[in-house]
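Below you'll find the structure, written out as structure tokens, and then a few comments.
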Amino acid sequence: MIDLKGISKIYGQKKVVNDVSVSIAKGKVTSFIGPNGAGKSTLLSMVTRLLDQDSGDVLLEGENILQSPSDKLAKKIAILKQSNNLDLKITVRELISFGRFPYTKGRLNDKDHEIINEAIRYMELEDFEDRYIDELSGGQRQRVYIAMTIAQDTEYIFLDEPLNNLDMKHSVQIMQILRRLVRERNKTIIIVIHDINFASCYSDNIVAMKDGEVVISGKKDDVIQKQILEDIYEMDINIECIYGQQICVYFDEHKDASVDDFIEDQVHLRV
Amino acid sequence: MLDRKNNRLLIVLSILTLVIGGCYILYQLNFDILFYQLPSRLNRVVTMIIVGTAIAISTVIFQTITRNRILTPSIMGLDSVYLFIQTVIVFIGGAQSILLMNDFVNYIASMLILVLFTVLVFRYLFKFTGSHVFLLLLIGIILGTFFSSLSSFMQMLINPDDFLILQSSMFASFNAINESLIWITGGVVLLMLVIVLKDFHSLDVIALGRDHAVNLGVNYDRKISQLLLIIAVLVSVATALVGPIMFLGLLVVNLAHEMFRTFKHRYLLIGSTLIAVITLLLGQMLTQYVFKQAVEISVIINLAGGIYFIILMLKESRR
């Protein structure tokens, strides 16, 4: 369980994150959603000590994270940020091995190699484990980084937009792996995600943010509501139930000649 | 697989260092003046090992911190401050000043001022800039330019004879180094080396960038300010001993990257040190035996380095 108590971050005059208090349940997938600039990534950075907050406390199972030593924390929480460009000659396997650093400080034993192999299998990276990462596509690289956080084997895993650069197939694959981690290993997963349908289909809980504040936080069915989402994103959103999942259909209903003619033409063509 | 290749490469480089070092010591050895010649050559070799190590290690660490392969610690302005110190001594005391004439006094004064400069400016600024390394470097560039402008202004004013003497300290030289200074520098460099090697794995992690390093439990800000201090000490003692020679670092670290093709600091640190020593030995042999002391070793290294970078650029652009 992670408790955020009155977290704020101020850049100049602007409060990027304003007095956020929210609890993150253990053993669940929690998604942070909201428009660009809502402060989701900044909040995630503060929760994982990458960034110092201006006020407020983050309590990890009752303990203030700024008071625990960083190397001890690295065995409890893992964070993967969204931009990862490395200009290093490093192979997939070597990068994933870094996940073991908090435990081994660089000296790997047999058990570590086993965990690394397992992470490679988990993310289906066997075919190119010896390739250099600058030879991989954006999607493959993203999977390598996620494998590294899996090798870190922490109870809490924070991912900042893990579906960036990924096509539908790999997005679904990653979300299924995250669910598997929760089910099989009782991990707690916290993600920042832009696609609200992915959030709706794969999360247990959702925290919706806007302008640096939490609008609502709760079970996903309580958050994926027409009125709430329309307020957050300031656009028309319809929610349909398809195969038992709440799916948001959010193609703007405002009248706009250039777009509407196009849509109407297509409707006529189909008829 | 790659590790085995790199281990072999390290062994080859070590043997090469020994062979070239041996050649340098034994070449045209005159047995009539053996007791003068041998210690003098040994001193030079030891100096080159110490300076090569200091320059290579500091540049590798610096490039890891800044995640940039074309920077050297000279961007922190230490070379300029060194020249400024020498210029001020001549400007105030003239070329006969004991601070310039006495190697020992000059070394201690230069080293203390350089280390003090770095500690005060960079430690303070590191807190002030909120640990932004690049902001720190920008300030370093400005300070460096400030001090070198001030130096050239003073050099205009001093009399030409003094300037000629001052000029000799503008180029690195391995000739006639005071023996006790070699041991002091050697001790300092060895101490820094031990601190770095004890924790070289965390350099690998720092190379991944701040976010990854913090995530993996490295106390990043503290580690960086510790490493910056080590770099400053290494550069200061090496510069105070032989003069400004930072271009060497750029050359050897890039050569090490080309040869080893790895991110692992185990190879980069040792490899670039060996390459630095080899480069210095070859440069010194050229100055001594081919050019008969007519040119300074730093000129040769700058020339070789410049040519290497042009070749590298041409090779890269063809890819």
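Each chain gets a letter, A, B and so on, in the order its sequence line appears, and its residues count up from 1.
- Considering only heavy atoms from C-beta on, A:L95 comes within 4.5 Å of B:L208 through its side chain.
- Looking at A:L88, the atoms closer than 4.5 Å to chain B (heavy atoms on both sides) all sit in the side chain, from C-beta outward.
- Counting heavy atoms from C-beta outward, B:H201 and A:F101 have side chains that approach closer than 4.5 Å.
- Proximity to chain B at a heavy-atom threshold of 4.5 Å picks out A:Y145, A:M148 from residues 140-151 of chain A, in numerical order.
- Taking the side chain as every heavy atom from C-beta outward, B:K264 and A:E94 approach each other to under 4.5 Å.
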Return all side-chain donor-acceptor pairs below 3.5 angstrom for residues 135-146 of chain B, not counting sequence neighbours, or 'none' if the list is empty.
from, atom 1, to, atom 2, distance (Å)
B:T145, OG1, B:I141, O, 2.7

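- Note that OG1 of A:T154 and CG of B:N215 are 8.0 Å apart. Values are rounded to the nearest 0.5 Å.
- With sequence neighbours left out, A:E63 forms a side chain to side chain donor-acceptor pair (under 3.5 Å) with no residue at all.
- Within the 3.5 Å criterion, the main-chain N or O of A:L50 finds a donor-acceptor partner in the side chain of B:R210.
- Distance CD/B:E258 to NZ/A:K89: 10.0 Å, rounded to 0.5 Å.
- Using a 4.5 Å cut-off between heavy atoms, A:I77 contacts chain B through its backbone alone, with no side-chain atom that close.
- Only the side chain of B:R67 comes within contact range of chain A, judged by heavy atoms closer than 4.5 Å.
- Nearest heavy atom pair, residue B:L216 against residue A:P102, reads O-CG, 3.7 Å.
- A:Y122 is linked by a ring pair (Phe, Tyr, Trp, His ring centres under 6.0 Å) to nothing, counting only residues two or more places apart in sequence or in another chain.
- Looking at B:D204, the atoms closer than 4.5 Å to chain A (heavy atoms on both sides) sit in the backbone and in the side chain alike.
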